[in-house]
J.: 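Have a look at this one before I ask anything.
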Amino acid sequence: ADVGIGLGGLHHAGPREQVIVGAGQGVSHMLFPTLRAEDGPVLMRVQRLRRVSLAAVDLAQAVQAERNYSFVHLGLGLFYVLVALGASMLGVIGRDRGQFVFAALFAWLVIGEWQIVSSSLPAGLASGVWPPALWDCVWNALMILAAAQLLQVRERAPRWNRWMVVTAMLFVLVIPLFQVEGWYTTARTVFILLPGVMFSVVGLAASWRVWRLGYRVGAVGGVLFGLDAVVYQPMLLTELINYVVPIDADRFLTPDWANILSSAAPSFVFVGAIVLRAFEQLRSAQREREARAAAEAANEAKSAFLATM
C-alpha cells in the first residue's frame, strides 16, 4: 500500500487481472487472492457509490460458495428455459395468448439468471452492463400481466383487468427516467409512488374481486400479492421517507427466508397456471368434440327419420 501496488483490475465485460468476482447470496463481491495475512495492514481507497463492506474471508471456502451459488442459478435458468419453451408450444397448439404471456415472463427470468451467473462466466459470455432498473421494471410489468392471466380478470372482472394493464404500462414508462443522468432519485420516487404501490394495491384488489365472484384462484392471487406487499412495500416506503428524513433503513429489512420465498413464489404459481391452463384447453377441446359428435348424431337421426317418412 505504501508504494501504491495495484491489487487487481477488471472490467464488467472485459479482462480480469488478479481478481475473482461473483454474486454469491445475491451480493456482488470481489475477491483478491493475492492478499495474504503476512502482508500486514493494507490501505485501500474505495469510491462509495453504494454500500461497500470489507471482510477477510477464506479464499477456498468463498470460491466454493460462489460455485455452489452459480450452479443453483444455472439449474434454475435451464428450468426456466424449459418452462418458457413449453408455454410457447402450448400457446401455439392451443392458440392461447395467455400462454405467450407466461412464456415471456419465464424467458425474462432466464435473462435474469444469466445476469446473476455472468460474474462467474468468462468475459465473452457475460451479460454486460444493463441500463438501470430495466430488468426490475420489465419483470414487474410481466408479473402483473401474468397474474391477470392467472386470475382471468379479462373475462371475470374487466375493470380490474384495465387497471392491471395500466400498472404494467407505468412500469415500462418509468424506465427512461432512470437513464437520465442526475434523475435517479426522481425516478425512484416516481417508481415507488406510482407503479410500486399500485402493483400491490391493484393486484390485491383484483384478487379479492375474483375471490368474491366465487373463484378460488383469487385466494392464490391474494397470497402472491400479499406476500410481495409484506416483503417489499416496507422497504420501498422506507426508501421514500429516507429521501426526506434520514432514518435507519436496516430495521425494516425483511429476513432472507422471506425474500427467497417472495422471489420463488411467482415461478411456482405460474408454472401451475401453465399446467392448469393446458388441462383446461384439453377439457374444452374434449367438450367441443363431444358436442360436435352429439350434433352430428342428431343430424343423422333427423336425416334417417326424414328418409323414412
Side-chain angles (χ1 to χ4, degrees), residues 97-98 100-102 104-106 108-109 112 130-180 183-213 215 217-245 247 249 252-254 258-259 261-267 269-270 273:
R97 288 179 296 180
F100 291 115
V101 177
F102 294 128
L105 180 136
F106 281 97
W108 196 250
L109 283 175
W130 279 62
L134 175 62
W135 194 90
D136 289 331
C137 288
V138 175
W139 159 250
N140 283 300
L142 288 173
M143 182 176 169
I144 198 165
L145 292 176
Q149 296 298 324
L150 169 71
L151 299 171
Q152 298 183 24
V153 289
R154 184 177 181 181
E155 299 83 11
R156 297 168 177 172
R159 182 164 65 94
W160 287 110
N161 178 67
R162 290 191 292 271
W163 275 107
M164 297 180 88
V165 172
V166 168
T167 304
M169 292 177 62
L170 287 175
F171 275 114
V172 176
L173 292 175
V174 80
I175 294 175
L177 293 178
F178 285 96
Q179 317 313 316
V180 180
W183 278 35
Y184 183 83
T185 301
T186 302
R188 285 295 297 179
T189 303
V190 174
F191 175 88
I192 295 171
L193 288 177
L194 289 178
V197 174
M198 286 180 63
F199 180 86
S200 297
V201 174
V202 172
L204 287 171
S207 301
W208 173 253
R209 178 58 179 167
V210 172
W211 168 260
R212 289 295 303 271
L213 291 173
Y215 299 100
V217 72
V220 178
V223 172
L224 188 65
F225 285 103
L227 182 63
D228 184 270
V230 170
V231 173
Y232 295 111
Q233 290 301 327
M235 291 188 294
L236 290 176
L237 294 177
T238 302
E239 180 182 349
L240 183 62
I241 295 173
N242 205 26
Y243 289 143
V244 182
V245 180
I247 60 176
F252 299 92
L253 294 177
T254 52
N259 289 321
L261 181 61
S262 179
S263 300
S267 302
V269 169
F270 293 135

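One-based numbering along the sequence shown.
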J.: Looking only at heavy atoms, which two atoms of Ala273 and Leu150 are closest? And how far apart?
T.: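 Result for this residue pair: CB-CD1, 3.6 Å.
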J.: What I'd like to find out is whether the side chain of Leu142 reaches to under 4.5 Å of the side chain of Val101, using heavy atoms alone.
T.: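 The answer is no; the side chains never approach within 4.5 Å.
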J.: Rounded at 0.5 Å granularity, tell me how far CE in Met143 sits from CG in Leu109.
T.: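 It comes to 10.0 Å.
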J.: So how far is it from Leu224 CG to Phe270 CZ, rounded to the nearest 0.5 Å?
T.: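 Going from the CG atom of Leu224 to the CZ atom of Phe270 covers 5.5 Å.
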J.: Can you confirm whether Trp160 is buried at CH2, in the sense that more than 12 heavy atoms of other residues, nucleotides or ligands lie under 6.0 Å from that atom?
T.: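 Above 12, so yes.
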J.: Would you say Leu145 and Met164 make side-chain contact, with heavy atoms under 4.5 Å?
T.: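 Sidechains of Met164 and Leu145: no contact.
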J.: So, Thr167 side chain and Trp163 main chain: donor-acceptor pair closer than 3.5 Å or not?
T.: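 At least one qualifying donor-acceptor pair exists.
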J.: Quick one: pull up CD in Glu155 and CG in Asn161 and give me the separation to the nearest 0.5 Å.
T.: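 Going from CD on Glu155 over to CG on Asn161, the span is 8.0 Å.
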J.: Would you check if the side chain of Gln149 reaches a backbone N or O of Arg154 as a donor-acceptor pair within less than 3.5 Å?
T.: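 Here the side-chain-to-backbone pair does not exist.
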J.: What pair of heavy atoms forms the shortest contact from Ser207 to Gly203, and how long is it?
T.: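 Ser207 and Gly203 have their closest heavy atoms at OG-O, 2.8 Å.
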J.: Do Asn140 and Pro195 come within less than 4.5 Å of each other through their side chains, counting heavy atoms only?
T.: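 Not in contact.
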J.: To the nearest 0.5 Å, how far apart are CZ in Phe225 and CD1 in Ile144?
T.: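 The CZ atom of Phe225 sits 5.0 Å away from the CD1 atom of Ile144.
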J.: Might you point out which heavy atoms bring Leu151 and Gly218 nearest each other, and give the distance in Å?
T.: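 Closest approach of Leu151 to Gly218: CD2-CA, 3.9 Å.
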J.: Quick check on Arg209: does its CZ atom have over 12 non-hydrogen neighbours (other residues, nucleotides or ligands) under 6.0 Å away?
T.: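 Counting neighbours around CZ of Arg209, 12 or fewer heavy atoms of other residues, nucleotides or ligands fall under 6.0 Å, so no.
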J.: Shortest non-hydrogen contact from Pro131 to Gln179?
T.: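 Shortest heavy-atom contact: CB-OE1, 3.2 Å.
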J.: So which heavy atom on Val231 is nearest to which on Ser262, and how close?
T.: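 Closest heavy-atom pair between Val231 and Ser262: CG2-CB, 3.9 Å.
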J.: Using side-chain heavy atoms (C-beta onward) and a distance below 4.5 Å, is Trp135 in contact with Trp108?
T.: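 In contact.
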J.: Can you find a heavy atom in the side chain of Ile175 that is under 4.5 Å from one in the side chain of Val138?
T.: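 Side chain of Ile175 against side chain of Val138, heavy atoms only: contact under 4.5 Å found.
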J.: Side-chain contact test, heavy atoms from C-beta onward, threshold under 4.5 Å: evaluate it for Trp139 versus Leu105 and give yes or no.
T.: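 Of all side-chain heavy-atom pairs linking Leu105 with Trp139, at least one is under 4.5 Å.
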J.: For Pro234 and Ala229, work out which heavy atoms get closest and say how close.
T.: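 Reported closest heavy-atom pair: CD-O, 3.2 Å.
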